[in-house]
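In what follows, chains carry the letters A, B, and so on, assigned in the order in which the sequence lines appear, proteins first and then strands, with residues in each chain numbered from 1. For clarity, every value in this text was computed on a predicted model and none was experimentally measured.
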Amino acid sequence: MLFFRMPFTYIEDLAQHEGETITLKGWLYNKRSSKNIHFIIVRDGTGLCQCVVHQDEVDEASWDVAEEIAQEGALAVTGTVKKDERQVGGYELQATGVELISASEDYPITPKEHGVEFLMDRRHLWLRSRRQWAAMRLRNRIIMAIHEFYQSRGFIQMDAPVLTGNAVEGTTTLFDIDYFGEPAFLTQSGQLYAEAMAMAHGKVYTFGPTFRAEKSKTRRHLTEFWMIEPEMAFYDLEMNMDLAEDFIVDVVQTVLDECEEELEVLERDLEPLQRVQKPFPRISYSDAVELLRSDETAEMMDAREASLHEEEEALKQERKDNQKEYGQAKKWRKRQIDAREIEINQRLNEIEEELRNLPQWKESARTFEWGNDFGGSDETILTWHFDRPIIVHRYPAAVKAFYMKRDPEDDKLALGMDVLAPEGYGEIVGGGQRADDLGFLKDQIEKHDLPEEAFEWYLDLRRFGTVPHSGFGLGLERTVAWLGGLEHVRETIPFPRLLGRLSP
RNA sequence: UCCUCGGUAGCUCAAUGGUAGAGCAUGCGGCUGUUAACCGCAGGGUUGUAGGUUCGAGUCCUACCCGGGGAGCCA
């Protein structure tokens with residue numbers, strides 16, 4: 001088996017080998033054929049490359065391999081690297097030899113459209129597809145950007161435990177497990193531990209998996225997701241917001257600078273990302289409530305409704321025109337019309353759904369009462385007023401966790417802050433300044449019906465040199481979805497865990 | 001748990017209550033550079049399940065199962 005010993009080249013390095021004869025190892029992504037020529041698109045994990053196989057330029061065995069290999073068959077192709085602007089990646093390989101490494105038959109994911117359930121059942125194979133490849137590389141780059149940001153600012157990365165004996169906030173549903181006969185939970189946040197670690201190191205961040213047993217079926221929820229939680233001693237709410245802002249701007253800039261290809265594959269509109277610059281609008285909860293209830297918001301909603309109706313009419317007209325044309329159309333045109341019809345129908349369904357929702361959204365915004373927490377629609381509407389992420393701060397204490405510090409200027413308010421991403425991606429950051437007074441915390445634990453014994457170690461942090469401190473959590477998958485312009489967080493993690501989905 | 005939309009060929013989708021179709025995938029044939037290649041032919045169906053209405057049900061009704069999106073909750 002000669003090919004196991006042959007040195008090989010990665011597709012992403014082809015630019016350095018122009019004119020040379022090299023070997024690629026990978027899988028068949030797609031193939032186009034004529035009588036005496038095969039165009040073989042090879043995928044090797046670093047990119048795609050078209051290999052041109054002429055019958056009279058390769059030996060018979062190579063020709064047979066090119067002729068017979070099916071989608072996702074593994075192969076080695078040797079040939080000369082040639083620059084060709086028309087190709088994906090800009091290079092193609094003039095093949096001199098093709099060798100089969102292993103065959104593949106009836107690969108289920110064809111280069112056409114598939115439904116979500118079908119793809120999710122085959123997530124282990126779906127990861128090979130181009131969009132998923134781009135999404136995972138984007139995730140990787142974002143993770144590295146996050147580490148670079150904190151490391152360059154002197155933060156220490158420390159891990160919070162995944163198994164815990166008590167619920168952090170007492171509000172969310174946790175996964176419970178049996179820990180040698182003791183009840184235990186999978187962590188829903190590393191924050192309390194991060195506070196302890198910040199008192200040891202000053203500035204720390206955790207980066208790990210988080211679990212929520214909530215039965216949320218939306219494009220923004222997973223039951224297992226990754227969260228980055230910086231926690232800083234001697235930081236107040238303002239410093240916390242400054243950090244979150246710097247952090248997000250930095251990550252977005254890195255992605256824009258270094259993920260050009262990934263964003264292109266994902267067909268991400270770059271303009272909204274380029275607008276992510278300091279400063280982010282900072283709006284207090286109370287001002288946000290006023291904005292929600294304002295005439296300005298009502299008018300904006302009306303305008304949106306009108307434009308949706310317009311789009312709906314235009315699409316229906318296009319569908320009608322296409323149907324008229326269909327009878328006399330040539331075959332290729334008929335196909336085009338069929339494909340477009342599916343697109344039109346999907347978009348019409350979306351519009352229909354949004355039009356169904358809008359009146360409720362409008363009503364919810366118009367009649368929003370101070371003291372309630374924002375719903376998903378309220379957050380979305382707020383972000384429509386701005387062209388970049390916004391920070392909402394100083395929420396009613398009643399809707400926030402027990403460990404939030406109160407606003408010294410208004411005891412009804414907690415010094416919490418959320419960062420809301422634009423384009424409907426919602427809350428990507430939640431955090432705030434932590435309560436640092438022992439008596440107040442004890443009081444809160446009691447009022448929230450939490451077991452004080454479980455929090456004794458946490459209260460120790462207030463007994464031995466308590467200081468003002470702050471932190472926040474950033475949802476990795478929501479961030480990847482936002483930056484990649486992805487519909488759903490399930491495409492931002494290799495093997496998503498959702499309600500009713502535990503495999504593959 | 002609730003609201004809402006859906007389940008038809010391997011996949012994506014069509015089908016005013018009246019003979020279940022198309023594209024892709026697969027197989028065979030054709031084509032000297034293709035870009036989701038193209039052209040021709042072929043095979044492929046218990047319309048999610050169980051009942052009901054009807055001369056007749058993919059289509060209407062009831063219950064259940066599965067999935068999408070949303071509410072609550074949150075990152």
>> Just to be sure I understand the rule, does A:N357 reach a base, reach only the sugar-phosphate, or reach nothing, if contact means heavy atoms closer than 4.0 Å?
In response: nothing
> Considering only heavy atoms from C-beta outward, does the side chain of A:S62 approach that of A:V53 to under 4.5 Å?
Replying inline: no
> Is A:T479 touching bases, backbone alone, or none of the nucleic acid, heavy atoms closer than 4.0 Å?
Replying inline: nothing
>> When you compare the side chain of A:R86 with that of A:E92, does any pair of heavy atoms fall below 4.5 Å?
In response: no
> Rounded to whole angstrom units, what separation is found between the CG atom of A:N30 and the C1' atom of B:C24?
Replying inline: 12 Å
> What nucleotide, of B:G67, B:G33, B:C11, holds the atom closest to the side chain of A:H114?
Replying inline: B:C11
> If we take the C1' atom in both B:C28 and B:G67, what is their distance in whole Å?
Replying inline: 37 Å
> Distance between the P atoms of B:A75 and B:U35, in whole angstroms?
Replying inline: 50 Å
> For A:I428, which contact category applies under a 4.0 Å heavy-atom criterion: base, sugar-phosphate, or nothing?
Replying inline: sugar-phosphate
> Which of these nucleotides, B:G68, B:A75, B:G33, is closest to any side-chain atom of A:R490?
Replying inline: B:G68
>> When you measure only distances, ignoring hydrogens and angles, does the side chain of A:S216 come within 3.5 Å of the base of B:G72 through a donor and an acceptor?
In response: yes
> For B:U47, which nucleotide in any strand shown is its Watson-Crick or wobble partner with both distances under 3.5 Å?
Replying inline: none
> Rounded to whole angstrom units, what separation is found between the CG atom of A:L119 and the C1' atom of B:A25?
Replying inline: 14 Å
>> With rounding to the closest Å, how many angstrom separate the C1' atoms on B:A71 and B:G17?
In response: 37 Å
>> Within the 4.0 Å heavy-atom criterion, would you say A:Q360 contacts the bases, only the backbone, or no part of the nucleic acid?
In response: nothing
> Does any donor-acceptor pair link the side chain of A:E487 with the base of B:G69 at a separation under 3.5 Å?
Replying inline: no
>> Using whole Å, what does the distance between atom P of nucleotide B:C2 and atom CG of A:L499 come to?
In response: 14 Å
> Atom OH of A:Y107 to atom P of B:A36: distance rounded to whole Å?
Replying inline: 19 Å
>> So for A:E92 and B:U35, does any side-chain atom that can act as donor or acceptor lie under 3.5 Å from a complementary atom in the base?
In response: no
> Considering Watson-Crick and G-U wobble pairs with both distances under 3.5 Å, what does B:G18 pair with?
Replying inline: B:C55
> Does the ring center of A:Y150 lie less than 6.0 Å from the ring center of A:F247?
Replying inline: yes
> Contact class for A:V489 (heavy atom, under 4.0 Å): base, sugar-phosphate, or nothing?
Replying inline: nothing
>> I'd like the P distance from B:G51 over to B:G58, given in whole Å.
In response: 15 Å
>> Under 4.0 Å, counting only non-hydrogen atoms across every strand here, what does A:G375 touch: a base, just sugar-phosphate, or nothing?
In response: sugar-phosphate
> Of A:V489, A:T492, A:I146, which is the lone residue that meets side chain to side chain contact (heavy atoms under 4.5 Å, CB included) with A:L476?
Replying inline: A:I146
>> Just N and O in the side chain of A:K217: are any of them under 4.0 Å from OP1 or OP2 of B:G68?
In response: yes
> Got a donor-acceptor pair under 3.5 Å from the side chain of A:R32 to the base of B:C31?
Replying inline: no
>> Under a 3.5 Å threshold, yes or no: a donor from one side chain and an acceptor from the other, between A:Y395 and A:D418?
In response: yes
>> Suppose we call a contact any N or O donor and acceptor under 3.5 Å apart; does that hold for the side chain of A:Q55 and the base of B:U32?
In response: no
> Just to confirm, is there a sub-4.0 Å distance from OP1 or OP2 of B:G69 to any side-chain nitrogen or oxygen of A:H488?
Replying inline: yes
> How many Å lie between CZ on A:R122 and P on B:A25, as a whole number?
Replying inline: 17 Å
> So with a 6.0 Å cut-off around CD of A:E311, is the heavy-atom count from everything else above 12?
Replying inline: yes
> On a whole-Å scale, what distance lies between the P atoms belonging to B:U59 and B:A20?
Replying inline: 14 Å
> Nearest to the side chain of A:S34, which nucleotide is it out of B:G67, B:A71, B:C31?
Replying inline: B:C31
> So what does A:D56 touch, heavy atoms closer than 4.0 Å: a base, only the sugar-phosphate, or nothing?
Replying inline: nothing
> Base, sugar-phosphate, or nothing for A:E354, non-hydrogen atoms under 4.0 angstrom?
Replying inline: nothing
>> Quick check for you: among B:G69, B:U32, B:G70, whose closest atom lies nearest to any side-chain atom of A:T218?
In response: B:G70
>> What I want to find out is whether A:R268 reaches A:E262 closely enough, with some N-O distance under 4.0 Å, to be called a salt bridge.
In response: no
>> Expressed as a whole number of angstroms, how long is the span from A:E491:CD to B:G69:P?
In response: 10 Å
>> By the 4.0 Å heavy-atom rule, please label A:F225 as base, sugar-phosphate, or nothing.
In response: base
> Whom does B:U4 pair with, Watson-Crick or G-U wobble, provided both distances fall under 3.5 Å?
Replying inline: B:G68
> Side chain of A:E379: nearest nucleotide among B:C74, B:C11, B:A75?
Replying inline: B:C74
> Ring-on-base stacking between A:F39 and B:G33, under 5.5 Å between centres and under 30° between planes: is it there?
Replying inline: no
> In the strands shown, is B:U26 matched to any nucleotide by a Watson-Crick or G-U wobble pair with both distances under 3.5 Å, and which?
Replying inline: B:A42
>> Going by purine N1 to pyrimidine N3 plus the second Watson-Crick contact, or the G-U wobble pair, all under 3.5 Å, which nucleotide sits opposite B:C31?
In response: none
>> Please report the distance, rounded to the nearest Å, between CG in A:N36 and P in B:A37.
In response: 20 Å
> Starting at CD of A:E229 and ending at P of B:A75, how long is that distance when rounded to a whole Å?
Replying inline: 9 Å
> In whole Å, what separates the C1' atom of B:U1 from that of B:G18?
Replying inline: 42 Å
>> For the C1' atoms, the ones on B:C39 and on B:U34, what distance do you get once it is rounded to whole angstrom?
In response: 14 Å
> Any sub-3.5 Å donor-acceptor pair from A:W226's side-chain atoms to A:E477's backbone N or O?
Replying inline: no
>> At less than 4.0 Å, is any side-chain N or O atom of A:R220 found next to OP1 or OP2 of B:C74? Yes or no.
In response: no
>> Give me the distance, rounded to whole Å, that separates B:U8 from B:C3 when you measure between the C1' atoms they each carry.
In response: 26 Å
> Given B:U12, B:U26, B:A75, which nucleotide is nearest the side-chain atoms of A:L222?
Replying inline: B:A75
> Would you say the side chain of A:H221 and the base of B:C74 hold a donor-acceptor pair, judged only by whether the two atoms sit under 3.5 Å apart?
Replying inline: yes
>> Using a 3.5 Å distance criterion without hydrogens, assess whether the side chain of A:N30 forms a donor-acceptor pair with backbone atoms of A:I41.
In response: no
